[in-house]
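Structure, as structure tokens:
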Amino acid sequence: SSPHEPVSLANCDQEPIHLLGQIQPHGALLAFDFSRRLTHLSANASALLPTLPALGQQLAPTDLAGHPDFHGPFETLLAEALIGRESGPVHHELVLNGQTFDLLLHVHQHRLIAEFELRSISEAELNQFALMAYRHMSKLKLQFQRDLHALLAEAVIAMRALTGFDRVMAYRFHSDGSGEVVAEARQAGLDPYLGLRYPASDIPAQARQLYTINTLRLIADVGLAPVPLLSSDGSPLDQTFSVLRSVSPIHVEYLSNMGVRASMSLSIVLNGRLWGLIACHHLSPHRVPYAIRMSCDVLSQLLAVGVQSAQAQAVAGRLEAAAELRSRLAAVITHQDELVSGFTPLLPELSRLLRANACVVGFLTKQAVEGELARDTTRELLTWLDTLEQDIYFTDRFDELPPPLAASLSPFCGLAAIRYDAIHGGWLVWLRHEQIKTVRWGGKPEKHLTVGPLGPRLTPRGSFEEWRETVHGTSCPWDELDRSIISQLLDDLNRACISRTVELERARA
Ligand code: BLA
């Protein structure tokens, strides 16, 4: 799509957010080709930096290139670029016209990009932060042995202490791309966003892709007009790794509507996939110096390792519980005459194992239920399952079921079922409620809310309503682990039932 096409709520996933051609005003940007020719510069560059070559002209010893703190890192990076290495970022402190800058240099798409970020705090203050970052990372590592929740709770506290943001949240993405605020540390007096759900479209696909490779972005003041990049030949500059990149106007409107003036987010990347974000908000402009941002970036990488190990531990725990239940169920099949009454005491555990809200076992004409399901509905359900060809069935939306059955099953919306005994019509069934039954907007009316040109959709409340729409009539999906636990149950119980039938027939003979 052309960069001139107006962005709307409908096409914002097409917006090329790495090519917007503008930066934030707390610094200047220069881009060079490998012949040292200036190909792009931000419109504020000549005001902030000493003598520069004209657009399209080469760097010369009489201009910025003559500054030793610029020359050295620039030439080193250029030498690498000339042998085909896209490297960086290289960081260097630089004093120009009495102003301290963090100089960030990187090479991307045949351009050497130099960004001059205005430094807002002193060296001494920065050193304090380095120590604080170290302390928080050590504390975070202590949480590695604990569960995911404790880990994320510790991480948002650490991130808030390090950066001073008013609100720091951990967002976790679900398999459908929607998200959830799973941990939060905030300034007293702010409405809680914990538990908030939002649809996949709030962080569109191209943004997620960018955030997977560039793991940190800061918007220091949404109220300031971005500075345009000027180009020697009209071509856009690829800003994928630019630290001063100005973000999508849609997102700026979202933040403004929420009363947020500054925002920073960090990616939590697991095995190359964006697992979640740490998102920070400030109600006034807020600049986080480069060195502190880098500490935060390391902290979030450490967090990713912790998340991975907490998740592996949780998976191992569920698999262990599943194996144990499988053998208890198989023992019932082998040793008890009455299957249904043998299974009944195990139903609550079976239900919890699959995060279900109800669980049913049927065998011949008998059945038992854990949860709120009427007898007639249970029978109707088992009768319908018997008409299926397959031995295993999953759905997270009841519009796939015959409408009368779906109606009787309400408020359940999701179903997983296995035919563990084909000969006697033995079924095990799990049921899940509709998602929105378990999640409700918890926020109070928002104090800071105003509404921009694109309307109330671009607010947390608008997001929540949109999310509700997209999940209407669905339960939480049966994920990969749920499915593998259930299909292992099917295999084991099936095998036990076949032996049992063989034994019974042998005894009878
Ligand atoms: C980016 N959207 C983002 C980001 C977040 C959110 C965290 C990352 C950028 C950052 O660090 O600020 C979403 N932030 C939220 C949500 C809450 C929050 C949901 O605090 C709730 C409390 N955004 C929309 C819609 C569109 C959209 C409807 O809500 C498009 C139709 C677009 N969001 C959008 C785009 C970006 C974005 C384009 C990328 C911004 C950029 O990096 O340029």
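Every number for a ligand or one of its atoms is a count from 1 in the order of the listing.
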Any idea which part of M258 is under 4.0 Å from ligand 1, heavy-atom wise: side chain, backbone, both or neither? side chain
Could you tell me if any non-hydrogen atom of E466 lies under 4.0 Å from any atom of ligand 1? no
Whether the T39 and R111 side chains hold a donor-acceptor pair (N or O, under 3.5 Å, no angle test) is what I'd like checked. yes
Does an N or O from R245, backbone or side chain, lie closer than 3.5 Å to an N or O of ligand 1? yes
min-distance protein heavy atom vs atom 3 (C) of ligand 1 -> H251 CE1, 3.2 Å
Nitrogen or oxygen atoms of Y198 and ligand 1 under 3.5 Å apart: no
Ignoring hydrogens and geometry, is there a side-chain-to-backbone donor-acceptor pair from Q311 to L148 under 3.5 Å? no
With a 3.5 Å distance limit and no angle check, can you tell me whether R208 reaches the backbone of A200 through a side-chain donor-acceptor pair? yes
Say whether S265 and R217, considering side chains only, have a donor N or O and an acceptor N or O under 3.5 Å apart. yes
Report yes if S246 has an N/O atom closer than 3.5 Å to an N/O atom of ligand 1; otherwise report no. no
Do me a favour and list the nearest non-hydrogen protein atom to atom 30 (C) of ligand 1 with residue, atom name and distance? C12 SG, 2.0 Å
Could you pull out the closest heavy-atom pair between D166 and R160, with the gap in Å? O-NE, 3.4 Å
Please state which part of I250 comes within less than 4.0 Å of ligand 1, counting heavy atoms only: side chain, backbone, both or neither. side chain
Just to confirm my output: which protein heavy-atom neighbour is closest to atom 39 (C) of ligand 1, and how far is it? Y211 OH, 3.3 Å
Would you tell me which option among W467, F464, Y254, Y171 has the nearest heavy-atom contact to atom 18 (C) of ligand 1? Y171
Give me the residue, atom name and distance of the protein heavy atom closest to atom 11 (O) of ligand 1. S265 OG, 2.5 Å
Partner of F116 under side chain to side chain contact (heavy atoms under 4.5 Å, CB included), picked from N44, D102, L103, is L103
Sidechain-backbone polar pair: D238 side chain, Q109 backbone, donor-acceptor under 3.5 Å: no
Specify the protein heavy atom at minimum distance from atom 2 (N) of ligand 1: its residue, its atom name, and the distance to 0.1 Å. D202 O, 3.0 Å
Residue part near ligand 1, for P204, under 4.0 Å between non-hydrogen atoms: side chain
Counting only heavy atoms, which portion of V247 has something under 4.0 Å from ligand 1: side chain, backbone, both, or neither? both
Could you tell me whether some N/O pair between S201 and ligand 1 is separated by less than 3.5 angstrom? no
If we ignore hydrogens and angles and just use 3.5 Å, is the side chain of T395 paired with the main-chain N or O of F398 as donor and acceptor? no
Any nitrogen or oxygen of S248, main chain or side chain, under 3.5 Å from a nitrogen or oxygen of ligand 1? yes
Could you state the interatomic distance from NE2 (H71) to CG (D69), rounded to the nearest 0.5 Å? 11.5 Å
Any side-chain heavy-atom pair from L151 and E154 closer than 4.5 angstrom? no
Compute the shortest N/O to N/O distance between S8 and ligand 1 and return yes if it is under 3.5 Å, no if not. no
Looking at atom 13 (C) of ligand 1, what's its closest protein heavy atom, distance included? I203 CG1, 3.7 Å
L458 contact mode with ligand 1 (heavy-atom cut-off under 4.0 Å): side chain
